[in-house]
Amino acid sequence: MQHSGEYIAIPVVVATLALSVVTIIRSLLDNIRRTKSDRLQADIYTKMIDKFGSSPELVAYLQSESGMNLLRTEAPEQPAAYSRILNAVQFGIIGSVVGGALLWLGRMFHGEAQEVLMVAGTLVLAAGGGLLLAGAAAYGLSRHLGLVDGAKPDAV
């Protein structure tokens with residue numbers, strides 16, 4: 001017979017492994033995208049240097065408006081405030097629903113299974129509620145700082 005700790009430890013380990021795999025895959029895909037972008041930019045610069053016959057022609061082109069636009073690099077992408085807030089709210093809703101379902105299931109069982117379901121449900125529901133509160137706080141702070149809705153920062 002399994003101990004109640006095992007009922008909680010196994011899902012925690014599986015969830016941690018799944019989150020780790022998703023994070024690694026996401027990082028790899030982001031790295032591949034950036035590498036392709038850098039390679040394409042290097043190819044464009046190489047072709048541009050080959051196209052111009054002399055250094056003065058190249059310098060003149062680079063000092064023109066179109067040359068300046070070509071050399072202007074984009075700032076690294078930062079996750080948008082809306083995206084982060086939406087992720088927190090989505091996971092908060094999912095956590096709250098799953099936690100509520102575990103608590104509801106805990107009422108159907110008796111003994112050790114009931115205790116495990118009630119503890120797990122309470123923890124998951126608390127995490128979901130925390131994410132919902134974090135999303136609301138992030139939205140309020142983002143509005144105050146002018147990061148969402150085009151709002152201007154409030155005078156302090």
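All residue numbers refer to positions in the sequence shown, counting from 1. Computed from a predicted model, the values in this text were never measured in an experiment.
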Using the side chain to side chain contact (heavy atoms under 4.5 Å, CB included) rule, take L132 and I93 through it: C-alpha gap first, then chi angles, then the decisive distance, then the call. CA-CA 7 Å; L132 289 172; I93 290 170; 3.9 Å; yes

Intermediate values then yes/no, salt bridge (charged side-chain N to carboxylate O under 4.0 Å, His left out), D30 and R34: CA-CA 6 Å; D30 188 43; R34 268 190 268 124; 2.6 Å; yes

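Note: the hydrophobic cluster containing M108 does not contain L103 (ILVMFWY, side chain heavy atoms under 4.5 Å, direct or indirect links). Residues F109 and L125 do not share a hydrophobic cluster, defined by chaining ILVMFWY side chains whose heavy atoms lie under 4.5 Å apart. Residue V124 is grouped with residue I94 when hydrophobic side chains (ILVMFWY) are merged at heavy-atom distances under 4.5 angstrom, including chains of intermediate members. Both V98 and L117 belong to a single network of hydrophobic side chains, linked directly or stepwise wherever heavy atoms of I, L, V, M, F, W or Y lie under 4.5 Å apart.
S37 places no side-chain N or O within 3.5 Å of a backbone atom of R33 that could act as its donor or acceptor partner.
With I24 as reference, L28 is the one residue of V22, L28, V21 to meet the side-chain contact (heavy atoms from CB on, under 4.5 Å) rule.
Side chains of L131 and V89 form no contact here, defined as non-hydrogen atoms less than 4.5 Å apart. Contact annotation: the side chain of L40 never approaches that of K36 to less than 4.5 Å [non-hydrogen atoms, C-beta and beyond].
Between the CG atom of L86 and the OH atom of Y139 there is a distance of 12.5 Å, given to the nearest 0.5 Å. Taking CG from L102 and CZ from R107, the interatomic distance works out to 14.0 Å, rounded to the nearest 0.5 Å. If you take CZ on R26 and CG on N31, they are separated by 14.0 Å, rounding to the nearest 0.5 Å.
Shown here for S96 and G128, the closest heavy-atom pair between the two residues is OG-C, 3.5 Å. The two residues I85 and G135 have their closest heavy-atom pair at CG2-O, 3.7 Å.
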